[in-house]
Enquirer: 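My questions will all concern the structure given below.
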Amino acid sequence: MLGEKAYYVTTPIYYVNDAPHIGHAYTTTAGDVLTRWHRQRGEKVWYLTGVDEHGTKVQRAAEAGGVTPQAWVDRLVEESWLPVLETVDAANDDFIRTTDDRHVARVQKFWEKVRDNGFVYSAPYEGPYCVGCEEFKLPGDLVDGTGEYEGQQVCPVHSRPVEQLREDNWFFQLSAFADRLIEHYEAHPEAVRPQSAYNEVMAFLKQGLVDISMSRSSVDWGIPLPWDDTQVVYVWFDALLNYATATGYGSEAGTDDAARYATTWPANVHLVGKDILRFHAVYWPAMLLAAGEPLPSQVFAHGWLLVGGEKMSKSKLTGIAPEDIIDHFGSDAFRYYFMRAISFGQDGSFSWEDMSARYTSELANGLGNLASRSTAMVGKYRDGALPEPGPLTAAEDAVVERLASATTNADAAMDELDFSTAIGEIRSVVELVNQYVTEVEPWVLAKDDANAQRLDTVLYTMCEVLRAVAVLYNAVMPKAMASLWSQLGAGEALGDLAAQRIADAGRWGQLPPGSTITKGDALFPRLPDEPTEA
RNA sequence: GGCGGGGUAGCUCAGCCUGGCAGAGCAAGCGGCUCAUAAUCGCUGUGUCGCGGGUUCAAGUCCCGCCCCCGCUACCA
């Protein structure tokens, strides 16, 4: 049976040798929110993340640690990279490692194919090589060193001296694809987003492309070329392929893996940081064209997280580990904050103070308190049983309408990966209900039995909106919304929260009267200030 | 040097495409309320919209020039 094409989202595969910081977690979170949302649209979804394990840096770090490269990366994956997925609460469908057998075999198959197609040739290469970048530099790329490297030419990225290397390399005929890529991107302007990233890619392409070395003889820790075992595949041309190899590229027809590939590739969205845009929007599609594979629908380059106005840096010690934040605020707040406070695609500033302020105001005081007052009142006035509502008045109609439009708007924003706007729409519903409650004063209605039906209507409205909010926020804050779902007693009649559809979220009257409403632990407890040094 | 993004309230930002009384959230102040997590609701904004010109009845928005920050890219050496 031919399966439906999955909505396929990838993160970059993270370089194992780096310590995971909130920049990695940010990308992973964005992909997770996006894919959870699409699942709740009822779509088939596939979400892939993983790690990049080859290259000189890993080889040398392993040697320095006195272990084999494989042992070195096994430990990093086990101790650092898999745990961070738990930390941010990512629900990825697969985790690819470039040392996986499936990856290694398929990378070799891929390059064999590209070579058969005539896009790989042998030539000597000599030049300055930066181990940090894992790439050859042009002499013009180098800058004068400072400090301990005064008087030497150094890599502009790593500010360290380069090594002069000469190799007989295999080259990928990148130059053959510039025109086809330009045509492709002119026909599909949405394929590189945001617009600024698209412009950069087009400008780069229009300068023309030069062929690029796709192998290394000076590196051992990599995937051997199938036709020349003295060389390994250049790490980028190994790593990029993970998006295809993970879902089964090159599998025998008729196998499960082949079926998976047929129903996932091409990717709908490759999420990338803007530093690796060119690899994803130029080299990667050129490789795919060379192998005769379809191109991904979109590469989305998000911005940097700025700390103290500067780009977070692995090497400059401004990297912040996700646990530092999540141990205090929890994974839901982490996910909410970065998706809400920063416009995806633009740089955004992070500060502990800003995160604290938003947590307190938007989550604890806003949503958390609304849940608290709603469940408390049903408990106090109706013994915890959701009452049957009476006729809706204009006040309820306004809430129902805002809920419907917010749902529509949030869904449209998610199509654009505009997480901030989507969350803002949902938040506006919470604000309106807090306002509504103040205006209709259920605690006053409760003082006179003559108002019993009116009070029923108000209590029902509060809980029914929370039911919808739980559905809409589930992609962003799955743990807290599961708790809310449970406090509303919604599971009994409506089933699992994750199974609730976005399109239906705004349909009024789903939570059945009689549902058991329980005031549970605070969704977002107020937190003490500054638990750790910021 | 070229291209792109940014420069708007104390802070974070929206508005600019398609000109029409300068906005939101946070923070701060005052008031209301008491169901709730010291919470919630309302009211309170004289800002050189980076600078200087221009077009227009009208410019944050369009045009020209310039400054600063960030990114991509080139060249000179």
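Lettering of chains follows the sequences in order, A, B, ..., and the numbering in each one begins at 1.
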Enquirer: Which listed nucleotide (U12(B), U37(B), C72(B)) is nearest to the side chain of Glu200(A)?
Expert: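 Selected nucleotide: C72(B).
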
Enquirer: Below 4.0 angstrom from OP1 or OP2 of U40(B), is there any side-chain N or O of Asn365(A)?
Expert: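 For U40(B), OP1 or OP2 has a side-chain N or O of Asn365(A) closer than 4.0 Å.
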
Enquirer: In whole angstrom, give the distance that lies between atom CE of Met355(A) and atom P of C13(B).
Expert: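 In whole Å, C13(B) P and Met355(A) CE are 16 Å from each other.
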
Enquirer: Under 4.0 angstrom, heavy atoms only, what part of the nucleic acid is Ser196(A) near: base, sugar-phosphate, or nothing?
Expert: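 Sugar-phosphate: the residue Ser196(A), judged by heavy atoms under 4.0 Å, touches backbone atoms but no base.
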
Enquirer: Using the closest heavy atom to pick a nucleotide of RNA chain B for each, name whichever of Ala341(A) or Ala203(A) lands nearer the 5' end.
Expert: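 So the residue in question is Ala203(A).
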
Enquirer: For a quick check under 3.5 Å, do Glu362(A) and Tyr337(A) share a side-chain donor-acceptor pair by atom type?
Expert: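 Result is no, nothing qualifies.
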
Enquirer: Taking U46(B) as the reference, what is the distance to A22(B) when you measure between their P atoms (whole Å, please)?
Expert: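 Going atom to atom, P in each nucleotide, I get 12 Å.
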
Enquirer: Ignoring hydrogens and angles, tell me if any N or O in the side chain of Thr393(A) forms a donor-acceptor pair with the backbone of Ala395(A) under 3.5 Å.
Expert: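 Answer holds: yes.
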
Enquirer: Please confirm whether the shortest side-chain N or O distance from Gln346(A) to OP1 or OP2 of A14(B) is below 4.0 Å.
Expert: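 Yes, within the criterion.
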
Enquirer: Considering only atom P, compute the distance from A9(B) to G31(B) and round it to an integer number of Å.
Expert: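 Their P atoms lie roughly 29 Å apart.
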
Enquirer: To the nearest Å, how far apart are Glu425(A) CD and A14(B) C1'?
Expert: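 For the pair Glu425(A) CD and A14(B) C1', the rounded distance is 13 Å.
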
Enquirer: Which value, in whole Å, describes the distance between the C1' atoms of nucleotides C17(B) and C57(B)?
Expert: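 The answer is 23 Å between these two C1' atoms.
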
Enquirer: In this structure, are over 12 heavy atoms from other groups packed under 6.0 Å from Glu492(A) atom CD?
Expert: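 No, the 6.0 Å shell around CD holds no more than 12 heavy atoms from other groups.
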
Enquirer: Between Leu367(A) and Arg427(A), which has a closest nucleotide on RNA chain B that is more 5'?
Expert: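 The residue mapped nearer the 5' terminus is Arg427(A).
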
Enquirer: Pick base, sugar-phosphate or nothing for Tyr381(A), based on heavy-atom distances below 4.0 Å to the nucleic acid.
Expert: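 It contacts sugar-phosphate atoms only.
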
Enquirer: Among G71(B), U37(B), A74(B), which nucleotide sits nearest the side chain of Gln207(A)?
Expert: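 Of all the options, the side chain of Gln207(A) is nearest to A74(B).
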
Enquirer: With a 6.0 Å cut-off on ring centres, are Tyr234(A) and Phe171(A) close enough?
Expert: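 No, ring centres 6.0 Å or more apart.
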
Enquirer: Mind checking the P distance from C63(B) to C26(B)? Whole angstroms is fine.
Expert: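 Result for the P pair: 35 Å, nearest Å.
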
Enquirer: Return each pair, listed once, that meets salt bridge (Lys or Arg N to Asp or Glu O under 4.0 Å) where at least one residue sits in residues 464-478 of chain A; pairs must be two or more places apart or across chains.
Expert: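 For residues 464-478 of chain A: Glu464(A)-Arg467(A).
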
Enquirer: Taking atom P of U40(B) as reference, at what distance in whole Å does atom CE of Met377(A) sit?
Expert: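 Taking atom P of U40(B) as the reference, CE of Met377(A) is at 14 Å.
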
Enquirer: Would you list the pairs meeting salt bridge (Lys or Arg N to Asp or Glu O under 4.0 Å) in which at least one residue belongs to residues 369-381 of chain A, sequence neighbours left out?
Expert: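 Residue pairs with at least one partner in residues 369-381 of chain A: there are none.
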
Enquirer: From CG of Asn199(A) over to C1' of C3(B), roughly how many Å is that when rounded to an integer?
Expert: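 To the nearest whole Å, that distance equals 8 Å.
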
Enquirer: Taking a pair as Watson-Crick or G-U wobble with both distances under 3.5 Å, which nucleotide is matched to U56(B)?
Expert: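 For U56(B), the partner nucleotide comes out as none, under the 3.5 Å rule.
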
Enquirer: How far, in whole Å, is C11(B) from A28(B) if one measures between their P atoms?
Expert: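 Nearest-Å result for A28(B) against C11(B) at atom P: 15 Å.
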
Enquirer: In this structure, how many angstroms lie between the C1' atom of C26(B) and the OH atom of Tyr336(A), rounded?
Expert: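 Whole-Å distance recorded here is 12 Å.
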
Enquirer: Counting only Watson-Crick or G-U wobble pairs whose two distances fall under 3.5 Å, which nucleotide matches C72(B)?
Expert: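 Check on C72(B): paired to G2(B), both distances under 3.5 Å.
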
Enquirer: Considering every strand shown, what is the Watson-Crick or G-U wobble mate of U48(B) when both distances are under 3.5 Å?
Expert: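 In the structure as shown, U48(B) has no Watson-Crick or wobble partner.
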
Enquirer: Expressed in whole Å, how much space separates the P atoms belonging to A24(B) and G15(B)?
Expert: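 Pairwise P distance, A24(B) against G15(B), rounds to 15 Å.
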
Enquirer: So Gln195(A), base contact, sugar-phosphate only, or nothing? Heavy-atom distance under 4.0 Å.
Expert: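 The answer is nothing, as Gln195(A) stays clear of every strand by at least 4.0 Å.
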
Enquirer: Under 4.0 Å between a side-chain N/O of Lys519(A) and OP1 or OP2 of U37(B), yes or no?
Expert: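 Affirmative; the distance criterion is met.
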
Enquirer: Strictly by Watson-Crick or wobble contacts shorter than 3.5 Å, is anything paired with A24(B), and which nucleotide is it?
Expert: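 In the structure as shown, A24(B) has U12(B) as its Watson-Crick or wobble partner.
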
Enquirer: Provide, to the nearest angstrom, the distance between the CD atom belonging to Glu353(A) and the P atom belonging to G25(B).
Expert: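 To the nearest whole Å, that distance equals 22 Å.
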
Enquirer: With rounding to whole Å, what would you report as the distance between C49(B) and G10(B) at their P atoms?
Expert: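 Per the computed distance, 13 Å lies between those P atoms.
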
Enquirer: Under 4.0 Å between a side-chain N or O of Gln435(A) and OP1 or OP2 of U40(B)?
Expert: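 So the side chain of Gln435(A) is outside the cut-off, no N or O lying under 4.0 Å from OP1 or OP2 of U40(B).
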
Enquirer: Give the nucleotide from the list G25(B), U37(B), C70(B) with an atom nearest to the side chain of Glu362(A).
Expert: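 Among G25(B), U37(B), C70(B), the one nearest the side chain of Glu362(A) is G25(B).
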
Enquirer: Heavy atoms under 4.0 Å, any strand shown: does Arg340(A) hit a base, just sugar-phosphate, or nothing?
Expert: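 Arg340(A): no heavy atom of the nucleic acid under 4.0 Å.
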
Enquirer: Using the side-chain heavy atoms of Asn369(A), tell me which of these nucleotides is nearest: A38(B), U40(B), U34(B).
Expert: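 The listed nucleotide nearest to Asn369(A)'s side chain is U40(B).
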
Enquirer: Rounded to the Å, how far apart are Trp443(A) CH2 and C41(B) P?
Expert: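 After rounding, the reported distance stands at 10 Å.
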
Enquirer: Can you tell me if Ser420(A) touches the phosphate of U12(B), counting only side-chain N or O atoms and a distance under 4.0 Å to OP1 or OP2?
Expert: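 So the side-chain polar atoms of Ser420(A) never come under 4.0 Å of the phosphate oxygens OP1 or OP2 of U12(B).
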
Enquirer: How far does the C1' atom of C16(B) sit from the matching atom of G6(B), given to the nearest Å?
Expert: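 13 Å, rounded to whole Å.
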
Enquirer: Could you identify the nucleotide paired to C33(B), looking across every strand shown and requiring Watson-Crick or G-U wobble geometry with both distances under 3.5 Å?
Expert: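 Pairing partner, where one exists within any strand: none, as none qualifies.
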
Enquirer: When you compare the side chains of Ser483(A) and Gln487(A), does any donor N or O come within less than 3.5 Å of an acceptor on the partner?
Expert: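 The answer is yes; a qualifying pair exists.
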
Enquirer: Is Leu277(A) touching bases, backbone alone, or none of the nucleic acid, heavy atoms closer than 4.0 Å?
Expert: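 Nothing, no nucleic acid heavy atom in range.
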
Enquirer: May I have the distance from Tyr359(A) (atom OH) to U12(B) (atom C1'), rounded to whole angstrom?
Expert: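 These atoms are roughly 20 Å apart.
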
Enquirer: Which nucleotide sits closest to the side chain of Arg373(A): C13(B), C35(B), U37(B)?
Expert: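 Looking only at heavy atoms from C-beta outward on Arg373(A), the closest nucleotide is C35(B).
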
Enquirer: Output the single nucleotide from C41(B), U37(B), C13(B) whose closest atom is nearest the side chain of Ser349(A).
Expert: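 In terms of side-chain proximity for Ser349(A), the closest of C41(B), U37(B), C13(B) is C13(B).
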
Enquirer: Will you find, in the side chains of Asp52(A) and Trp236(A), an N or O donor that is under 3.5 Å from an N or O acceptor?
Expert: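 Checked: Asp52(A)/Trp236(A) side chains show no N/O donor-acceptor pair below 3.5 Å.
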
Enquirer: Closest approach to the side chain of Leu523(A), judged atom by atom: which nucleotide of C41(B), C72(B), U37(B) is it?
Expert: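 Ranking C41(B), C72(B), U37(B) by closest atom to the Leu523(A) side chain puts U37(B) first.
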
